Every structure is written in C-alpha cells, then in structure tokens.
2 protein chains.
Amino acid sequence: MTEGWERRLREHGFRITPQRQLVLEAVESLRHGTPEEILVEVQLTASGVNLSTIYRTLEVLEEVGLVTHAHIGHGPPTYHAVDEDIHIHLVCDRCGTVQSVPATVATEFVAQLEGGYGFRTDIAHVSVHGMCASCKDRDFESEADDPL
Amino acid sequence: MTEGWERRLREHGFRITPQRQLVLEAVESLRHGTPEEILVEVQLTASGVNLSTIYRTLEVLEEVGLVTHAHIGHGPPTYHAVDEDIHIHLVCDRCGTVQSVPATVATEFVAQLEGGYGFRTDIAHVSVHGMCASCKDRDFESEADDPL
DNA sequence: TGGTTGCTGCGAATCATTCGCAGCAACGGG
DNA sequence: CCCGTTGCTGCGAATGATTCGCAGCAACCA
Ligand SMILES: [Mn+2]
Ligand SMILES: [Mn+2]
Ligand SMILES: [Zn+2]
Ligand SMILES: [Zn+2]
C-alpha cells in the first residue's frame, strides 16, 4: 500500500473511507486495471461496492496523485499506481497485442516537444499505435506470395 | 475530391454510392471531422442520410485507404482525408487546447521504436497528451504566489 | 456525542457506437 | 436496356461505458 495515502487524501480535503482504501489496493495488486476489473477485485472483499463508486473514487485518487490512467486501444482506460515504473504501451492495430517498453525510449522525443513547443509531454498517458514486428513480417510474406 | 476514389472502392469489391461520395467529400472539406460533424455536413446536401451509414461508410473508406482517423482527447475520433499533411496533435490535459505539429518531429522516435522493437509506428493515430506552454507558465506563477 | 456535510448505493439518463432487419438500388450478365 | 442478385441504406432498438440525481449513511470535527 502506498505510504501516506491517507495524508494525501486529507490534505486535499477528502475523507478516508473503506471504499477508497479498497480501490487503491486493487489498483496496486492488479497492475493494469479497468474500472470493471477493479470493481471485481474490490468486490472480493466488499461485495456491496458499486461501479459508480469505482469511477468516482478513481477520479479522486487520480486528483490527489495516487493513481494515473493510460489509454490502451479503444476500450476503457486502465489505471496504474503512481509508484509503478513508467512504461509506454505499443499497441498493434493488426493483431491487438500490447507490448510494454520503458518510457526512456521517448526521452529525446519528449525533450524535442518541450524545446520546440514548450509542451510538457505525459508520454505514458496514451499508447503508441502501429504494427508489431510479427505482423509486419506476415505482411511481407503475403506480398511476396501475391501474384501482382 | 481524391483522384481515383471510385476505382479504389471497386478494387476492394465495394459499390459506388452517393452516400460514400458525400462522406468522402465531407471529410475532405472539414479537415478534422467526427462522425456527428460529418453527418451534419453530409445532410446539408442529402438530409436523409443516417448516422449509422456515416459510421459504416467511414469504416469502408478507411479500409480502402481513402481516410484515416486520429484520437484527440477522450471523445469520438476525428477523420482526415489521406492526402492531408500528416500531423500530430498535442493535447493539453489542463486547458484542453489542441495544437498540430508536423509529424516529422517524431521521425527519430519512430526510428527508435522500429530499430529497437521492430514496431512500425503510426504516429498520427493517437494524440500526445501533456501540458501546453501557457498552462505550464500559469503553474509556475501560482507556485511562486502560494505562501508555503 | 451530535451536527454538518461529504460519500455511497442505486437506478435512471446520457453518449457513442453497433446491430438486425426489411426494402432499395448498384451493377454485371443476358 | 432490363432483371436478378446481393450489397447498402434507413430506422429503431440494443449495447457498453460513463455520468447524474437523490436519499440515506457515515467520517470527522467541535
Ligand atoms: Mn485520459
Ligand atoms: Mn483508433
Ligand atoms: Zn501485431
Ligand atoms: Zn493548456
């Protein structure tokens, strides 16, 4: 459990509740979790918790800096604890696989956007889309096979 | 109107319809358009066209390579004609402004992902999120002002 | 310990997108 | 040019994710 989570909430004027503790624990134990997945995890301990509470709680936890979210593919966002290693998701639009790579691969890119446009990039917020290595290979094969 | 759009559709086994022509024209004249916005534009000419047709048509036009889409912020995707200059959207998560920058700023980053992971990045598919220059400045000010 | 007021559960509303289906129309063959 | 096949379309309903409104409960402070 993240050290000082109660203080963090209180400092921002929020109350400490069992629901908030459970949601934070769930985000930390699942390492990537959508609101629905977090609900299921929370309900293992407290079956009465409602999905709308999950949404509201994640919003609060994000506001006080205890969790962040990232967008992988189209579906719902996935939540992470802030203490995790920051990583970028590479999403293959062909086969749907998701690969995590260290955020440091983008250091130069981030610096360029900061230098050129004064833009402070949150590189992990959205995924990078494209085609993975194996789909690329499969593409070459079929091109070679195709007459014309 | 994109040259050869009819051939493009026929080559993939699709029929030529007024709706498809109108949607393509709408995407080209609006330069960024959500399905709803495209509907409105199309209905200026043909008021009977239905939203579900817009969705189905965009899917087809994308499949044959006449349009692409990008995700800006959370809402619905925005469609572009393929002949447009490729640009990246920088979205400020603080104030919501969207700035377009040439995709070439990412050349090195894209090369790094290709070299290191064999991943072929479609850099314009999703936006880069973060904080714009003016929001950054405003942040510094308030920090300076704040007693504590 | 009690009052204030923030939080929660619940059900309904909203928003974007997708589906099912019956009728229409594009287009290739005759 | 005309017909039959079958892809496309409009329409209304279904779906999935997220948000709202509200009444009752509970965290917290005095
Ligand atoms: Mn987001
Ligand atoms: Mn997309
Ligand atoms: Zn792939
Ligand atoms: Zn901004």
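Remember, predicted model here, so these are calculated numbers, not experimental data.
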Between A:H87 and A:H32, how do the two ring planes meet: parallel, tilted or perpendicular, split at 30° and 60°?
tilted

Within this structure, what is the CG-to-P distance between B:L39 and C:dC15, rounded to whole angstrom?
16 Å

What orientation do A:H80 and A:H89 show, parallel under 30°, tilted 30 to 60°, or perpendicular over 60°?
tilted

Kindly indicate whether the side chain of B:R15 and the base of D:dT9 share any N or O donor-acceptor pair separated by less than 3.5 Å?
no

Among D:dC28, D:dT18, C:dG9, which nucleotide sits nearest the side chain of A:L51?
D:dT18

Does any donor-acceptor pair link the side chain of A:R56 with the base of C:dG6 at a separation under 3.5 Å?
no

Rounded interatomic separation in angstrom, taking CD from A:Q21 and C1' from D:dA27:
14 Å

Within this structure, what is the CZ-to-C1' distance between B:R20 and C:dA26, rounded to whole angstrom?
10 Å

Please pick, from C:dT8, C:dT17, C:dG9, the nucleotide with the shortest atom-to-atom distance to any side-chain atom of A:T57.
C:dT8

Short side-chain N/O contact from B:R10 to OP1 or OP2 of C:dC27, under 4.0 Å:
yes

Whichever of B:S52 and B:P18 has the more 5' nearest nucleotide on DNA chain C, that residue is B:S52

Closest to the 5' end of DNA chain C, once B:E36 and B:T17 are matched to their nearest nucleotides, is B:E36

Testing the 3.5 Å rule here: is there a donor-acceptor pair between the side chains of B:H69 and B:H125?
yes

Please report the distance, rounded to the nearest Å, between NE2 in B:H74 and P in C:dC15.
17 Å

Rounded to whole Å, how long is the line connecting atom NE2 of A:H12 with atom C1' of C:dC7?
18 Å

Nucleotide nearest B:Y55 (side chain, heavy atoms from C-beta), chosen from D:dT18, C:dC7, C:dT17:
C:dT17

Need one value for B:G75: base, sugar-phosphate or nothing, where a base atom within 4.0 Å counts as base even if backbone is also close, heavy atoms only.
nothing

Any pair with a residue in residues 96-119 of chain A that passes ring-ring contact (aromatic ring centres under 6.0 Å, His included), sequence neighbours left out, goes on the list, sorted by first then second residue, please.
A:F109-B:F109

Expressed as a whole number of angstroms, how long is the span from A:H69:NE2 to D:dT18:P?
10 Å

Give the rounded distance in Å between these two atoms: CD of B:E37 and P of C:dT17.
11 Å

To the nearest angstrom, how far is B:F14 atom CZ from D:dT9 atom C1'?
15 Å

Do the side chain of A:T57 and the main chain of A:R20 share a donor and acceptor less than 3.5 angstrom apart?
no

Would you say A:Q19 places a side-chain N or O within less than 4.0 Å of OP1 or OP2 belonging to D:dA26?
no

